[in-house]
Engineer: 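What follows is a structure written as structure tokens; I'll ask about it next.
This is a predicted model, so every value here is computed, not measured.
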Amino acid sequence: MEALLGKTTGPCVEFSQAAESLMSDYLGRMRDQLSDWMEKNFVLESAKYLRDETGALASTMPNDMVRLLRVQLSTAQQYLEPIRFILALGPAAASVKSTEIMFSEKIHDTDRAIRGFLAAQELLQAKYPPSVTTTAAEAARAALERRRETLTAVEGCVGFSNDLLRLSTLVQEYRDELEGVIDASKIEGLGISVAEALSTFDDVSAEFLDFAIEMSQVAALSAAGDVHTVMVQ
């Protein structure tokens, strides 16, 4: 039989290729599904910030995001061989990483809007001192107040910064948890260490920490400019 097949013992090449193709498709679908969920469900403009048990402003966004990640990877761990589960870690973490563009844009847009408002406020005060009460001056002040009402409030900036810090912490904690349950001896054939397999988690955690710091600086700018008219809802 082996002579007729023209090969010795071992897995069929076609079967191996098919398995690799299925694995690639699975990882791609998992990444796309996570990314799609996150982009649709975490709309920053609709975030609701409440006081947590420590008194800090926060939303449910960080816990929700990491819970989605856990669901996907728990399923993968249940049904995949250890060596294939390792291959699923990078794409899963990349789905969280894909939200970085959305968060970065929110930070920069908020910063630009607040700086623009503060510059306009300074110009208005120079042109129309408080003692000036002409019709033109009052109209300009009213227009500036309407502009203020479109800005993210100090509370919203602080809440978003807290969320980003919490997200950084949760991703790092989950990464450390995964490292503790992965048997390194079962992935020797990959030629990479457990730490290398989890490196995308490290990148994501570090990036969100940087975002949290950036947003805290925007919050300080907002507070200095007395931007407090509206809360993010």
Side-chain angles (χ1 to χ4, degrees), residues 11-44 59-108 160-215:
C12 170
V13 173
E14 289 80 4
F15 178 81
S16 178
Q17 290 175 340
E20 291 301 322
S21 178
L22 287 173
M23 182 61 181
S24 178
D25 289 345
Y26 168 76
L27 294 177
R29 286 197 301 273
M30 180 177 67
R31 181 186 62 248
D32 293 344
Q33 187 178 37
L34 273 170
S35 297
D36 186 56
W37 279 347
M38 290 176 179
E39 289 174 5
K40 288 182 179 178
N41 289 293
F42 306 117
V43 181
L44 300 180
S59 76
T60 63
M61 182 267 288
N63 288 344
D64 290 343
M65 286 185 68
V66 175
R67 182 164 55 249
L68 289 175
L69 182 63
R70 282 178 173 275
V71 167
Q72 287 285 359
L73 285 180
S74 293
T75 302
Q77 189 172 19
Q78 182 178 357
Y79 292 104
L80 296 178
E81 299 173 355
I83 197 167
R84 295 193 180 278
F85 173 64
I86 285 292
L87 296 176
L89 295 174
S95 68
V96 180
K97 190 175 178 65
S98 69
T99 63
E100 291 177 359
I101 295 176
M102 178 175 65
F103 292 153
S104 178
E105 289 178 348
K106 172 64 175 177
I107 294 170
H108 294 151
F160 186 37
S161 177
N162 290 341
D163 275 356
L164 291 167
L165 179 59
R166 176 66 174 158
L167 187 55
S168 172
T169 301
L170 289 175
V171 169
Q172 189 62 44
E173 288 176 351
Y174 187 38
R175 176 248 183 253
D176 293 343
E177 180 183 324
L178 287 168
E179 185 175 32
V181 300
I182 294 172
D183 186 346
S185 66
K186 294 184 178 180
I187 64 167
E188 293 177 351
L190 286 179
I192 61 174
S193 67
V194 174
E196 289 171 328
L198 292 166
S199 61
T200 306
F201 285 82
D202 295 322
D203 293 342
V204 170
S205 179
E207 189 68 31
F208 285 133
L209 177 58
D210 288 343
F211 284 162
I213 294 171
E214 281 187 58
M215 198 63 205

Engineer: Taking it one step at a time, do F160 and F211 satisfy ring pair (Phe, Tyr, Trp, His ring centres under 6.0 Å)?
Structural biologist: CA-CA 10 Å; F160 186 37; F211 284 162; 8.5 Å; no
Engineer: About how many Å separate CD1 of I86 and CD of E81, when rounded to the nearest 0.5 Å?
Structural biologist: 12.5 Å
Engineer: Residues two or more places apart in sequence or in another chain: which of them pass salt bridge (charged side-chain N to carboxylate O under 4.0 Å, His left out) with E105?
Structural biologist: none
Engineer: Find the distance between CG (L164) and CE (M61) and round it off to the nearest 0.5 Å.
Structural biologist: 5.5 Å
Engineer: Grab the two heavy atoms, one from A92 and one from L69, that are nearest each other, plus how far apart they are.
Structural biologist: O-CD1, 3.5 Å
Engineer: Is there a donor-acceptor contact under 3.5 Å from the side chain of S104 to the main chain of E100?
Structural biologist: no
Engineer: Do K106 and M102 have side chains that get closer than 4.5 Å, going by heavy atoms?
Structural biologist: no
Engineer: Which heavy-atom pair separates F208 from V96 by the least distance, and what is that distance?
Structural biologist: CE1-CG1, 3.7 Å
Engineer: Measuring only between side-chain heavy atoms, which start at C-beta, is Q77 closer than 4.5 Å to V181?
Structural biologist: yes
Engineer: Test your reading of the model: is there a side-chain donor-acceptor pair from T99 to the backbone of S95, 3.5 Å cut-off?
Structural biologist: no
Engineer: Where do F85 and L73 come nearest, in terms of heavy atoms and distance?
Structural biologist: CE1-O, 3.3 Å
Engineer: Nearest 0.5 Å please: distance from the OG1 atom of T169 over to the CG atom of L209.
Structural biologist: 7.5 Å
Engineer: To the nearest 0.5 Å, what is the distance between CD1 (I192) and CG (L87)?
Structural biologist: 7.0 Å
Engineer: Could you tell me whether the side chain of T200 reaches within less than 4.5 Å of the side chain of L89, counting heavy atoms only?
Structural biologist: no
Engineer: Just by distance, do the side chain of S205 and the backbone of F201 share a donor-acceptor pair under 3.5 Å?
Structural biologist: no
Engineer: If you measure from CG on L170 to CD on E177, what distance do you get to the nearest 0.5 Å?
Structural biologist: 11.0 Å
Engineer: Is D163 salt-bridged to R166, cutoff N-O under 4.0 Å?
Structural biologist: no
Engineer: Mind checking the CG-CZ spacing from D210 to F103? Nearest 0.5 Å is all I need.
Structural biologist: 14.5 Å
